[in-house]
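A short worksheet on the structure shown next.
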Amino acid sequence: MNVFRHFRDQIAAVLAALAEAGVLPADSDFGRVTCEPPRDAAHGDMATNAALVLAKAAGTKPRDLAGKIAEGLRALDSVAAVEVAGPGFINIRVADRFWQDRVADILAAGPAYGDADFGQGEPVNVEFTSANPTGLLHIAHARGTVFGDALAALLEKAGYAVTREYYVNDWGGQVDILAESLLKRMRQLQGEAVPEAEFEGLYPGREVIDAAEAALKLPPGERPDPMSGSDENRARAGEFAVGYMMDRIRHDLAALGVRHDVFTSERSLVEAGAVDAAFADLEGRGLIYTGILEPPKGKLPDDWEERPQSLFRATRFGDATDRPLKKSNGDWTYFATDIAYHQDKAKRGANRLIDVWGADHQGYIPRMTAAVDAVTRGTATLDVKVIQLVRLIRDGTVVKMSKRAGNVVTVRDVVDEVGKDVVRFVMLTRRNDAPLDFDFARVTEQSKDNPVFYVQYAHARSHSVFRQTKDVLPDIDTGHASLVNAKFGTLTNEGELSLIKKLTMWPRVIESAAETHEPHRIAYYLYDIAADFHAHWNRGRDEPELRFVRPDDLPLTLARLALVKAVATVIASGLVLFGVAPAEEMR
RNA sequence: GGCCCCGUAGCUCAGCAGGAUAGAGCACAGGAUUCCUAAUCCUGGUGUCGCAGGUUCGAGUCCUGCCGGGGUCGCCA
């Protein structure tokens, strides 16, 4: 149950009655009426703007109308008090009994608590990672990967049918360069002295050497020939190297706990004629023409020359300029194949497309959304989520990385060092469009300053309470049925009630995070719950009567254990969404 | 020059898709801690929400224009 939605419905019923009575116009629109937690808890549990929104249409002052609505709300059993405040807000104080009963809801729903259905089974395609198969995943890819995976999980929880997808850029010039890098390394491994200068402009990573070693172990018939410069041989080398890199990338993704449902190959799209088809489709609709682009203002590229080229009319769909589809050598531009790719995703059934991109591709967004609009005839929408940079901090200083020098920190390095759970949680503690610092010392610290630890510890502590219970009260039945039927009316302490209220926010948090595509909200919420739980636990130090386990009062103990279980349920549910394994013990 | 993102407390950042007196952590200050259930706890915030207009009953939030930082701008992906 989403408690705010529940009370919004109650408010709507009161408003309908007022409309019936002629206080409100019969055709009143309640669409703008909200029911939200007030910022200041002192104002009550819920607040509605109903009177403010409807006063004008009713021809009365907001406060007068508020008084009438308040009257209707007071009649509800679940409402303890109602008051009109400020310009006409209506503050509702919900009855303790209502809150207490929610604990049973949470336990009954279990891990499904917070599931929403507004996705209605609608297909959504989330494309993320999509790192080029010319090297390993490095740390910048980790953030986009974790974000995409968590967003996908979040959308699933909200009721969408989600496909997790990886676009493999295994076509074009970069594969040729990779092939050349591989062949050169093979020659080097065979003992030939290859001058360092020859590797200029090629892929420098250690993994290319690994790939070369693997290539040399192939049976002669399948092995690329290091000495041959033929196109066929180069193609074979490229194919092998791409396959090798993708194997390792998949391996590293698995180490991060990520599994994509679909890997789509750019090459296969080109070879199947999908790009030709998309081009012909747009051309047939008059959306492609041959023209000359204005040179970019500001800094002019050295080798700029005006030339006519095939342009997509992106300006018709809101982009600032039309965009080229073919390179001077006649090959498709990346944009052209990407159009076909997005069309392909839409054809496979998803009208909601989400792409997770690095910040350096931001400028590409308008043309891609324009293209999706054009190629799907407005039936599909593209939402691009931009991931800002990650800075690694070690010993208080930023870790410098240079792709050219080949000293990038890989996903594998970091996962091996701190564990995938830490990587995943930390990567989700910031908005995707804000830069993130990943401080090795901080993320592994065992203190309340470290959110990962703090949240995990709250979950572990809840399990600890049950372990303690078994020692003190070996005969107590803490099974599901026993807890669900506990006497929740005994949970009257303020700390207990505020904990319950916080737990009932979970469905609302899920909804807002899913709608805005912002998983970081979950992280903040989990931290919040953990803080409240720890704080309540600590109250038991000074006031032993507040402790969860009370050997002198079994009904109370059961109700409190039910609450602890509810806390564990919600925290675990959030962690699972993040792909983090909830800890039952801290070690 | 065009476009995109960001600008909130000393620092790092939230701000619930417009709501009441803008929050958290760190840092800093004061206090508690031979109590206990596992990794301390409590208290303390006078912020031009970059600036200026606009929309609205109401703007940190939406619109416009500036300022500052970052990214990007045909034949890379």
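Because the structure is predicted, anything quoted here is derived from the model rather than measured. Throughout, protein chains are lettered first and strands after them, A, B, ... in sequence-line order, and every chain is numbered starting at 1.
In this model, a donor atom of one side chain and an acceptor atom of the other lie less than 3.5 Å apart for Thr264(A) and Glu165(A). For Asn432(A) and Gln388(A), the side-chain atoms include no donor-acceptor pair closer than 3.5 Å.
Residue contacts for Pro435(A): at a heavy-atom cut-off of 4.0 Å it reaches the sugar-phosphate backbone alone, with no base atom in range. Across all strands, Asp360(A) comes closer than 4.0 Å only to sugar-phosphate atoms, never to a base (heavy-atom distances). At the heavy-atom level, Tyr334(A) lies under 4.0 Å from base atoms of the strands shown. At a threshold of 4.0 angstrom between heavy atoms, the contacts of Arg461(A) are confined to the sugar-phosphate backbone, with no base atom among them. If you check every strand for non-hydrogen atoms under 4.0 Å, Val465(A) touches a base. Counting any heavy atom pair closer than 4.0 Å across all strands shown, Pro324(A) reaches sugar-phosphate atoms only and no base atom. Counting any heavy atom pair closer than 4.0 Å across all strands shown, Ala460(A) reaches a base atom. Using a 4.0 Å heavy-atom distance criterion, Glu515(A) is classed as a base contact. Nucleic acid contact for Ile365(A): none, since no nucleic acid atom lies under 4.0 Å from a heavy atom of the residue. Heavy atoms of Thr516(A) sit nowhere under 4.0 angstrom from any nucleic acid atom. Contact annotation for Gln446(A): base contact, defined as any heavy-atom pair under 4.0 Å involving a base atom. Residue Ala513(A) is classed as having no contact, given no heavy-atom separation below 4.0 Å to the nucleic acid. Looking at heavy-atom distances under 4.0 Å, Ala85(A) makes contact with a base.
Regarding Leu389(A), its CG atom lies at a distance of 9 Å from the P atom of rU72(B), rounded to whole Å. The nearest whole Å value for the distance from the CD atom in Glu543(A) to the P atom in rC42(B) is 12 Å. One atom, CZ of Arg539(A), and another, P of rU37(B), lie 18 Å apart when rounded to the nearest Å. For Gln388(A) and rC13(B), the CD to P distance is 11 Å, given to the nearest whole Å. In this structure, OH of Tyr364(A) is placed 21 Å from P of rG71(B), rounded to the nearest angstrom.
Taking atom C1' on both rG7(B) and rG47(B), the two are 14 Å apart, rounded to the nearest angstrom. Comparing rU34(B) with rC13(B), their C1' atoms sit 40 Å apart, to the nearest whole Å. For the P atoms, the distance linking rC11(B) with rC16(B) amounts to 23 Å, nearest Å. Rounded to the nearest Å, the gap between the P atom of rA24(B) and that of rU43(B) is 11 Å. On the C1' atoms, rA22(B) is 14 Å away from rU46(B), given to the nearest whole Å. A distance of about 29 Å separates the C1' atoms of rC28(B) and rA38(B), rounded to the whole Å. rA9(B) and rC5(B): their C1' atoms are spaced 23 Å apart (whole Å). Taking the P atoms as reference points, rC51(B) lies 14 Å from rG10(B), given to the whole Å.
For rC51(B), the paired nucleotide is rG65(B), the pair qualifying as Watson-Crick or G-U wobble because both relevant distances are below 3.5 Å. Using Watson-Crick or G-U wobble geometry with both donor-acceptor distances under 3.5 Å, rA24(B) finds its partner in rU12(B). Checking rC3(B) for Watson-Crick or G-U wobble geometry (two distances, each under 3.5 Å) identifies rG71(B) as its partner.
When each of rC75(B), rG2(B), rA17(B) is scored by its nearest atom to the side-chain atoms of Ser328(A), the top-ranked nucleotide is rC75(B). The Lys56(A) side chain lies nearest to rC57(B) when the options are rC16(B), rC57(B), rC13(B). Checking rA77(B), rC3(B), rG19(B) against the side-chain heavy atoms of Lys327(A) singles out rA77(B) as nearest. You'll find that the side chain of Pro87(A) is closest to rG19(B), out of rA38(B), rG19(B), rC4(B). Closest contact between the side chain of Arg431(A) and the listed nucleotides rC16(B), rA38(B), rA14(B) involves rA14(B). Closest to the side chain of Arg521(A), from the set rA20(B), rC76(B), rG15(B), is rG15(B). When the nucleotides rG15(B), rC16(B), rC3(B) are ranked by their closest atom to the side chain of His520(A), rG15(B) comes out on top. The Met586(A) side chain lies nearest to rA38(B) when the options are rC16(B), rG19(B), rA38(B). The side chain of Asn91(A) approaches rA20(B) more closely than any other nucleotide in the set rA20(B), rG74(B), rC13(B). You'll find that the side chain of Glu266(A) is closest to rA77(B), out of rA77(B), rC57(B), rG70(B).
Taking the six-membered ring wherever Trp is involved, the centroid distance between the rings of Phe128(A) and Trp357(A) does not fall below 6.0 Å.
For the pair Phe89(A) and rA20(B), the ring geometry qualifies as stacking, because the centroid separation is below 5.5 Å while the planes lie within an angle under 30°. Under the stacking definition used here (centres under 5.5 Å, planes under 30°), the residue His43(A) qualifies as stacked on the base of rA20(B).
Nearest approach of Ile476(A) to Leu554(A), heavy atoms of both residues: CD1-CD2, 4.1 Å.
The OH atom of Tyr454(A) sits 11.5 Å away from the CD1 atom of Ile529(A) when rounded to the nearest 0.5 Å.
Two residues are said to be in side-chain contact when any heavy atoms from C-beta on lie closer than 4.5 Å; Tyr341(A) and Val275(A) fail this criterion.
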In B/S/- notation, 5' to 3', how is nucleotides 28-35 of chain B contacted by protein heavy atoms closer than 4.0 Å? -------S

